[in-house]
Every structure is written in C-alpha cells, then in structure tokens.
Asks: 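Below is one structure. I have some questions about it.
In what follows, every heavy atom counts, from backbone to side chain, and hydrogens, waters and symmetry copies are set aside. Naming: A, B, ... by sequence-line order, numbering from 1 per chain.
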Amino acid sequence: MSSSAGQPQFRYAYPPSKVLHLRNLPWECTHEELVELCKPFGRVVNSKCNVGSNRNQAFVEFEDLNQAISMVSYYASSSEPAQIRGKTVYLQYSNRQEVVNNKSSGDVASNVLLVTFEGVEAGDVSIDVLHLVFSAFGFVHKIATFEKTAGFQALVQFSDPDTAASARTALDGRSIPSYLLPEHVKSCHLHISFSAHVDLTVKFQSHRSRDYTNPHLPVAASAMDSSSQFALGPDGKKKEPESNVLLASIENMQYEVTIDVLHTIFSAFGTVEKIAMFEKNAGLQALIQFSDVSNAVTAKGALEGHCIYEGGFCKLHLAYSRHTDLIVKANNDRSRDYTNLNLGFYQSQPSVLSPQQLPGAQMGPTQPVDNSFSAPASGIGLPQQQGWETPSPPPVGGHVSNLAYRPPYTHPETLASSGTAPSYQSFTSYNPGPPVDPSRTAFPGQRVDTSYQYGQSPLNPNFQLYSGHQYQPSYPSGPGILPPNSGPAAYM
DNA sequence: AGCACA
C-alpha cells in the first residue's frame with residue numbers, strides 16, 4: 001500500500017515531541033545559538049548540531065513537551081520566522097523522543113566551566129571581574145576567555161567538579177552585578193555548563209587568559225599594551241605610572257562611604273594594608289594601599305567609574321597615587337593601618353605580639369587570596385544577616401597573628417555544606433578577628449555587601465548590590481552624612 | 001529545507 005494516507009511528507013507529519021528538528025541552519029550553528037532561539041519557550045536540556053549531509057540541521061530537546069509545543073505553535077502562526085544569524089530556520093517535531101548522544105549541554109560534571117555571556121562584547125567583562133565572581137566558590141586555577149560565534153565565552157577551571165558545580169548552580173542564569181560592569185552594559189547574564197576540558201593550557205598571563213596557580217608565568221606582550229581590558233572607563237590613556245596605592249575620588253556621594261566600606265570593596269582584589277580618607281575640593285577622597293602593585297592595578301581596572309551604590313551614587317574614580325607607603329598614625333574612621341592594629345583606638349588593647357611578629361616578615365607568599373572570598377560559600381540567596389550587624393568589637397588576643405598569616409584558600413565545604421548558613425561563630429573560628437574578617441568591618445546600619453563577601457555571590461536576580469532600598473543610611477543624605485567624630489586625617 | 005552512523 002503506497003501513500004494513501006500520505007502524511008509523513010508534510011509539515012506536521014509527526015506528533016508532538018519534546019525534541020524538535022531544525023533545518024536550514026546557518027553554517028556551524030552552535031548549541032548556544034540554538035538555545036538562544038529556543039530559550040523563550042523553555043529550557044533546552046540537550047541538542048545536537050551539524051546534523052545531516054549539509055551539516056545544517058539540528059535537534060533540540062526541551063525539558064518539557066509543552067515547551068516544544070509552545071515553540072512549534074508560536075512559529076506556526078508567527079509572521080516572523082524563526083531565525084538564527086538572520087537566516088530563516090524551519091522547525092518541526094522530531095520523530096524521536098530524545099536527543100541521543102552529544103555533549104548533553106554540559107551536564108557531565110567537570111572541574112572546568114564553560115561560561116557564555118549574554119549581551120556583552122568581549123571587552124565588557126574583564127578577566128579580573130570573572131576571577132572575582134567565580135572566586136566566591138573556591139580557588140580559581142585558570143581562566144581562559146575567547147570569542148566564538150556564540151559570543152564572548154570563558155572557561156573557568158576549579159580544582160574539582162564539586163566546586164565547579166556549586167558555582168554553576170549558583171550563577172547559571174544570573175547576571176554579573178552592574179557595578180562590576182561598564183556603564184553601557186545593562187546586564188550580563190551568564191550561561192554556564194560543564195566543559196569537556198579538565199586542565200586548561202595557559203601559556204601566558206594575558207588579558208584573555210590567566211593561570212592563578214603559576215604566578216611566575218610570563219606575561220604576554222600583547223597584554224602589556226592592550227590595557228583596554230582594564231580601562232573600562234572612557235579613559236584610554238595609561239600614562240600614569242602604576243602604584244600599589246590608589247587615589248579614589250568619590251563623586252555624587254549621596255550615601256555615606258566609610259572606611260569599612262572601602263576596605264570591603266578593595267579587599268576583594270588583594271590585601272589592603274592601609275586606607276586614609278580626607279576631604280579635598282569639597283569631595284571625599286581616599287588613598288588605598290595594597291601590598292602589591294598588581295592588586296591595585298586589578299582593582300583600578302575593575303572598579304574605575306563604577307558606583308558603590310545603585311543609582312549612580314558614590315561613583316569611584318581611581319588613579320595611581322605617587323605614594324607607595326602611607327603613614328598612618330592612628331586607626332580611626334578616617335585612616336586605618338590594617339598591618340598595625342595596635343594604633344589609635346586599638347591601643348587600649350594589650351598587644352599580644354611583639355613588633356617583630358607583626359606583618360611583613362610573616363606575611364605568607366603573596367598570592368591572590370581574596371580575603372573576602374576565602375570565606376565559605378553557602379547557599380545563594382540566604383538572608384544577609386549573619387554577623388555583619390555586629391559592631392566591630394575590640395580585637396581579642398590573637399587577631400594580629402591572623403592578620404600576619406593569611407591561610408591559603410580553604411575549601412568552602414569545610415564550613416558550609418548542606419546549604420546551611422554558616423554561623424557567625426563558625427566563621428569566626430575559621431578566620432577570626434577583625435578586621436581581617438570582613439563581616440566585622442560593617443557598621444550597624446551600614447549595609448555592606450556581605451553576601452558577596454561570604455561567597456554568596458550577588459549574582460541573583462533579586463539581589464541589588466548596595467541598592468537604595470536595602471541601604472539604611474545612618475545619616476540623611478546631604479552635607480551632614482559623615483560621622484560627627486570624623487577627626488582630622490592622621491596620615492601624612 | 002525534510003530526522004542523527006559514538
């Protein structure tokens with residue numbers, strides 16, 4: 001019996017399936033492009049590209065049949081055809097019920113993540129920002145960025161698949177907080193899957209690749225002159241000599257910016273040794289001293305032109321200072337020497353260590369440890385309450401030694417597993433003592449990004465970093481926002 | 001432009 005029914009030739013030849021067959025695809029169409037097209041209708045759990053003799057067909061599998069139906073129905077009645085790269089794509093239900101084979105959209109756990117950035121150009125997300133974001137979940141070994149047809153992508157290598165999985169779970173679909181992005185970028189959603197790689201080969205430290213396990217790796221010449229990845233702001237000039245001390249000017253200061261806020265922000269990029277704040281030209285300025293020039297460079301690149309608070313408030317402008325070592329005579333709310341906490345109002349405390357034991361000699365090998373990120377990562381979206389409201393208590397014996405010795409990265413599993421918020425105590429025992437512990441650096445009423453500090457990355461759709469509605473200013477905006485007891489700057 | 005060789 002030949003084609004009396006004659007159906008299989010036509011458009012809706014097959015009954016609905018959560019697998020769609022797509023054809024007339026552009027050359028070397030990627031999984032990411034397919035997902036981009038299908039995403040409005042549901043979640044693509046698997047795909048296979050480059051199918052057929054012309055390699056221009058593909059299969060996508062939705063997690064749910066209704067999602068596939070909605071996509072087919074939509075394009076059946078749409079005046080605009082489905083398109084990829086401007087090319088019309090024809091789609092129909094597949095005669096299969098699941099996509100076989102292929103890189104299962106990266107569901108095989110790996111210690112390396114493939115990150116696709118949505119809505120940004122290659123230069124918009126610096127490798128330092130990536131490092132910052134992913135370090136919230138564990139020690140990042142290597143990062144490599146590249147551009148393909150799917151857009152700007154990165155491979156981020158962790159030590160083990162579990163750590164990578166926690167980062168993926170937490171960040172997939174989230175957006176990088178705007179204060180880490182150039183102003184023209186509205187949002188930068190992340191799509192994360194597991195890579196097939198296990199160990200990236202990074203030959204140079206450059207603007208597109210880093211190996212954080214090997215600080216002695218040569219720096220690529222190409223990275224030297226292309227300072228563009230750091231210059232997120234409009235200033236393309238790199239005339240001023242680099243320094244370990246940054247001069248920060250704060251523009252549009254509607255909210256209080258305390259020394260603790262600055263410490264929290266800048267500590268994400270390395271060890272902050274000293275901070276001094278002062279008034280200049282009716283504005284607030286601060287000198288932030290890092291232990292290392294490279295930390296200052298990274299911080300400058302990542303933060304220049306960004307606002308501390310949502311809404312364009314407290315915009316940072318950073319320049320290299322000519323200072324290399326600030327002289328802080330007292331620890332107060334305008335100046336702080338984090339390498340010598342026995343100054344100023346800490347002086348009443350008995351000094352537990354002799355001067356020889358103070359930092360410097362004992363500072364372990366300078367490695368890119370973000371003290372703010374060495375903290376345990378717990379579940380995303382936990383209330384940001386644990387401990388930060390605690391007023392900075394006077395230091396107790398032993399805290400100085402914690403400052404002097406900063407342990408290498410400790411895996412988050414050691415503290416926070418099973419999604420329970422680490423208690424303040426547990427954190428304290430892990431990394432005790434102010435002000436090494438960033439939780440102690442916040443004043444009451446001074447909302448600091450603790451969730452970020454604790455490895456609860458802010459990349460949460462509902463997370464508003466330093467947003468106005470979360471922020472409870474201690475003082476009304478206006479000229480009187482600074483604490484009344486802000487004495488004269490004690491640095492020189 | 002019409003259904004996949006790990």
Asks: So, is A:Q57 close to the B:dA1 phosphate, meaning a side-chain N or O under 4.0 Å from OP1 or OP2?
Replies: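 Indeed not, no polar side-chain atom of A:Q57 lies that close.
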Asks: Quickly work out the A:L34 CG to B:dA4 P distance and round it to whole Å.
Replies: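 So the two atoms are 17 Å apart, to the nearest Å.
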Asks: Can you measure A:R96 atom CZ to B:dC3 atom P for me and round it to whole angstrom units?
Replies: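 In whole Å, B:dC3 P lies 11 Å from A:R96 CZ.
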Asks: How close or far is atom C1' of B:dC3 from atom CD of A:E61, stated in whole angstroms?
Replies: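 Atom-to-atom, A:E61 to B:dC3, this comes out as 14 Å.
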Asks: Among the nucleotides B:dC3, B:dA4, B:dA1, which one has an atom lying closest to any side-chain atom of A:S94?
Replies: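 Of the options given, the side chain of A:S94 lies nearest B:dC3.
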Asks: If I take atom CD in residue A:E98 and atom C1' in nucleotide B:dC3, what distance separates them, rounded to the nearest angstrom?
Replies: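 Distance, rounded to whole Å: 15 Å.
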Asks: Side chains of A:F59 and A:L22: does their closest heavy-atom pair fall under 4.5 Å?
Replies: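 Counting from C-beta outward, A:F59 and A:L22 never come under 4.5 Å.
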Asks: Can you tell which of B:dA1, B:dA4, B:dC3 lies closest to the side chain of A:K48?
Replies: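 The nucleotide sitting nearest to the side chain is B:dA4.
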Asks: Closest-nucleotide mapping onto DNA chain B: is A:Y90 or A:G52 further toward the 5' terminus? I mean the 5' end.
Replies: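 It is A:Y90, whose closest nucleotide lies nearer the 5' terminus.
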Asks: Determine whether the aromatic ring centres of A:F117 and A:F152 lie less than 6.0 Å apart.
Replies: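 Yes: the rings meet the under 6.0 Å criterion.
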Asks: Strictly distance-based, threshold 3.5 Å: is any side-chain N or O of A:Q205 a donor or acceptor partner for the main-chain N or O of A:D211?
Replies: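 Yes: the side chain of A:Q205 pairs with the backbone of A:D211.
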Asks: Name the closest nucleotide to the A:N95 side chain, picking from B:dC3, B:dA4, B:dG2.
Replies: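 Closest nucleotide to the A:N95 side chain: B:dC3.
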Asks: Output the rounded distance in Å from CG (A:N54) to P (B:dA1).
Replies: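 Distance check: A:N54 CG to B:dA1 P gives 9 Å.
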Asks: Quickly work out the A:L25 CG to B:dG2 P distance and round it to whole Å.
Replies: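 In whole Å, B:dG2 P and A:L25 CG are 10 Å from each other.
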Asks: Roughly how many Å is it from OH in A:Y75 to P in B:dG2, rounded to a whole number?
Replies: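 Spelled out: OH on A:Y75 to P on B:dG2 is 20 Å.
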Asks: Does atom NE2 of A:H317 have more than 12 heavy-atom neighbours from other groups under 6.0 Å away?
Replies: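 Correct, the count exceeds 12.
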Asks: Can you tell me how far P of B:dG2 sits from CD of A:Q92, to the nearest Å?
Replies: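 Roughly 10 Å, once rounded to whole Å.
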